[in-house]
Trainee: 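Shown below is the structure under consideration.
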Amino acid sequence: MKSQKEEEGPRPATPTLSQYNAYHSMVCSPSTAVQCSDSFNGSVIFIPAGTTVTSSTPDYCKLLNAITYYGLVLISLTGLSTLLGLTEFVEYKEISVSEQSVVMVVSDSTKQNDKTNEELMQQPLSPHLRPKNCEQTTSNDNNIAVSMDALRYIADKHSSSSDLSDLRIVRKFEYNFRLLGLNVIMCHLKSKNNKNDEEEVELLHLVEVYQFRNPLVRSIVEKILLFMLHIISPKDGKKKKKE
């Protein structure tokens with residue numbers, strides 16, 4: 001069964017790096033919010049640093065739209081941080097085709113490739129999955145790296161019902177929202193899926209790993225976000241039943 005975003009028809013032009021940067025730094029225009037949100041048609045996962053990603057980890061792809069985006073902007077105060085000039089743009093880059101090495105090997109059984117996948121993490125591509133200059137950062141900062149669990153989650157979810165190509169990283173974003181003491185790393189991953197010999201579909205996935213340096217701020221913001229998601233999720237569930 002194809003995702004709702006796949007069934008909506010021809011996909012619009014891919015947003016530019018500048019548009020994605022405005023989107024992830026939480027200060028983009030409504031049209032950019034729509035375009036960027038709609039560009040993700042694979043999996044979208046938000047992970048607190050140091051958290052293990054499992055099969056029960058929520059996938060927010062169907063919930064991501066301009067409305068939920070601006071809800072996050074207001075509740076998290078990340079947009080305010082950027083508007084006040086308190087956000088450090090650590091890194092935002094498009095990964096060139098020549099650098100788009102495989103970051104997760106996919107086959108009928110992804111777990112059989114664990115050894116190969118662990119070795120891939122040690123190859124030159126690994127900086128794209130970790131904080132910039134991670135050798136100079138603290139161990140806590142290193143926790144915001146994209147883990148093998150997150151990559152395996154995406155591979156397992158989409159390879160179970162289709163012929164999924166290996167995952168490749170195409171963009172990386174990293175920010176320090178100083179107003180909140182929040183470090184975030186975001187990676188865009190691409191794969192292709194060919195289900196039942198149908199036309200090949202390119203999937204774009206988003207993995208975001210975040211860390212609040214102040215435990216109290218983290219507790220308050222996460223409770224508000226969970227409440228927001230609790231309100232939104234039932235509506236999505238009703239749509240699924242109707243389908």
Side-chain angles (χ1 to χ4, degrees), residues 20 23-26 36-37 40 42-65 68-82 86-92 103-104 117-118 121 126-134 137-157 167 169 171-189 205-233 236:
Y20 276 127
Y23 180 79
H24 288 313
S25 61
M26 313 303 266
C36 290
S37 295
F40 299 108
S43 286
V44 174
I45 53 178
F46 303 108
I47 317 160
T51 300
T52 300
V53 181
T54 67
S55 58
S56 61
T57 298
D59 186 336
Y60 295 108
C61 187
K62 290 186 178 180
L63 296 178
L64 185 61
N65 54 48
T68 54
Y69 170 79
Y70 282 115
L72 290 171
V73 170
L74 292 173
I75 292 172
S76 67
L77 300 180
T78 46
L80 179 61
S81 176
T82 303
L86 297 175
T87 296
E88 178 186 357
F89 293 71
V90 180
E91 186 174 27
Y92 56 98
V103 294
M104 169 60 74
N117 287 327
E118 292 294 348
M121 292 294 289
S126 59
H128 298 319
L129 298 172
R130 298 191 171 105
K132 186 177 182 181
N133 302 321
C134 62
T137 61
T138 65
S139 58
N140 284 338
D141 288 331
N142 278 314
N143 285 337
I144 67 171
V146 174
S147 67
M148 290 298 293
D149 290 334
L151 301 177
R152 186 178 295 115
Y153 170 94
I154 294 174
D156 286 347
K157 180 163 186 176
L167 292 172
I169 183 167
R171 296 178 204 90
K172 177 192 174 186
F173 304 82
E174 186 178 348
Y175 306 96
N176 174 12
F177 296 97
R178 292 197 293 265
L179 179 65
L180 299 159
L182 172 64
N183 293 98
V184 183
I185 184 171
M186 306 162 187
C187 289
H188 292 188
L189 299 149
H205 316 276
L206 169 63
V207 178
E208 176 177 327
V209 184
Y210 63 89
Q211 180 181 62
F212 286 97
R213 295 191 292 276
N214 186 314
L216 179 60
V217 174
R218 172 179 175 172
S219 177
I220 294 173
V221 174
E222 287 189 343
K223 285 179 180 178
I224 295 174
L225 291 176
L226 285 173
F227 177 72
M228 174 184 171
L229 291 172
H230 176 72
I231 294 175
I232 297 173
S233 296
D236 184 64

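Predicted, not measured: the structure shown is a model, and the values here were computed from it. Scope of the values below: all heavy atoms of this structure, side chains included, with no hydrogens, waters or symmetry mates.
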Trainee: Tell me, please, which residues at least two apart from F89 pass ring pair (Phe, Tyr, Trp, His ring centres under 6.0 Å).
Mentor: Y175
Trainee: Would you give the length of the straight line joining atom CD1 of I154 to atom CG of L206, rounded to the nearest 0.5 angstrom?
Mentor: 8.5 Å
Trainee: Could you work out, with side-chain hydrogen bond (donor to acceptor under 3.5 Å, both in side chains) as the rule, every residue matching T78, not counting sequence neighbours?
Mentor: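 Partners of T78 by the side-chain hydrogen bond (donor to acceptor under 3.5 Å, both in side chains) criterion, ordered by chain and then number, come out as S76.
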Trainee: Using side chain to side chain contact (heavy atoms under 4.5 Å, CB included), reason through T87 and N176 one step at a time and then give a plain yes or no.
Mentor: CA-CA 6 Å; T87 296; N176 174 12; over 6 Å; no
Trainee: Evaluate the side-chain proximity of H205 to L167: yes if any heavy-atom separation is below 4.5 Å, no if none is.
Mentor: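 The answer is yes; the side chains approach within 4.5 Å.
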Trainee: Could you go through the side chain to side chain contact (heavy atoms under 4.5 Å, CB included) check for I45 and Y153 one step at a time?
Mentor: CA-CA 10 Å; I45 53 178; Y153 170 94; 3.5 Å; yes
Trainee: Could you tell me the separation between the CZ atom of F212 and the CZ atom of F177, rounded to the nearest 0.5 Å?
Mentor: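 Interatomic distance, F212 CZ to F177 CZ, rounded to 0.5 Å: 10.0 Å.
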Trainee: Suppose we screen for ring pair (Phe, Tyr, Trp, His ring centres under 6.0 Å). Which residues come up paired with Y69, at least two apart in sequence or across chains?
Mentor: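 Listed in chain order: Y23.
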Trainee: Between atom CG of L74 and atom CE of M26, what is the distance when rounded to the nearest 0.5 Å?
Mentor: 9.5 Å
Trainee: Can you measure from CG (L179) to CG (L80) and round to the nearest 0.5 angstrom?
Mentor: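 That separation rounds to 5.5 Å.
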Trainee: Hey, could you give me the OG/CG distance between S55 and D156, rounded to the nearest 0.5 Å?
Mentor: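 One gets 9.0 Å once the value is rounded to the nearest 0.5 Å.
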Trainee: If you compare all heavy atoms of A150 against all heavy atoms of I47, which two are closest, and at what distance to 0.1 Å?
Mentor: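 Smallest heavy-atom distance, with atoms named: CB-CD1, 3.9 Å.
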Trainee: Of all the heavy-atom pairs spanning P48 and F46, show the shortest one and how long it is.
Mentor: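 Between these two residues, the closest heavy atoms are CD-O, 4.1 Å.
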Trainee: Can you give me the closest heavy-atom contact between S147 and V53, atom names plus distance?
Mentor: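 Nearest heavy atoms, S147 then V53: OG-CG2, 4.5 Å.
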Trainee: According to the side chain to side chain donor-acceptor pair (under 3.5 Å) rule, which pairs have a member within residues 45-54, sequence neighbours left out?
Mentor: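 For residues 45-54, and leaving out neighbouring residues, the side chain to side chain donor-acceptor pair (under 3.5 Å) pairs sorted by first residue read T54-S56.
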Trainee: I want to know whether Y20 and Y92 have ring centres closer than 6.0 Å.
Mentor: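 Distance test on ring centres: not under 6.0 Å, no.
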Trainee: Sort out for me which residue in R171, H188, E208 forms a side chain to side chain donor-acceptor pair (under 3.5 Å) with H24.
Mentor: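 Going through the options one by one, the only one that passes is H188.
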Trainee: Are any non-hydrogen side-chain atoms of V44 and V207 less than 4.5 angstrom apart?
Mentor: no
Trainee: If we ignore angles and hydrogens, is there a donor and acceptor under 3.5 Å between the side chains of N183 and R178?
Mentor: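 No pair is found: no donor N or O on one side chain lies under 3.5 Å from an acceptor on the other.
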Trainee: My understanding is that only residues two or more places apart in sequence, or in another chain, count here; which of them pass side chain to side chain contact (heavy atoms under 4.5 Å, CB included) with I75?
Mentor: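 Once residues adjacent in sequence are excluded, the partners of I75 under the side chain to side chain contact (heavy atoms under 4.5 Å, CB included) criterion are I224, L225, M228.
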Trainee: Run K172 and E91 through side chain to side chain contact (heavy atoms under 4.5 Å, CB included) and show every step you take.
Mentor: CA-CA 7 Å; K172 177 192 174 186; E91 186 174 27; 2.9 Å; yes
Trainee: Short question: side chain of S219, backbone of L216 - any donor-acceptor pair under 3.5 Å?
Mentor: no
Trainee: State, yes or no, whether a side-chain contact exists between R213 and L182 at a heavy-atom distance under 4.5 Å.
Mentor: no
Trainee: Taking side-chain hydrogen bond (donor to acceptor under 3.5 Å, both in side chains) as the test, write out the residues that go with S25, two or more places apart.
Mentor: none
Trainee: What's the separation between atom CG in L86 and atom OG1 in T82, rounded to the nearest 0.5 Å?
Mentor: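 Rounded to the nearest 0.5 Å, the CG-OG1 separation comes to 9.0 Å.
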Trainee: Which heavy atom of C187 sits nearest to which heavy atom of V146, and what is that distance?
Mentor: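 In this case the closest contact between C187 and V146 is SG-CG2, 3.7 Å.
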Trainee: Could you walk me through whether D59 and S43 pass the side-chain hydrogen bond (donor to acceptor under 3.5 Å, both in side chains) check?
Mentor: CA-CA 6 Å; D59 186 336; S43 286; 2.7 Å; yes
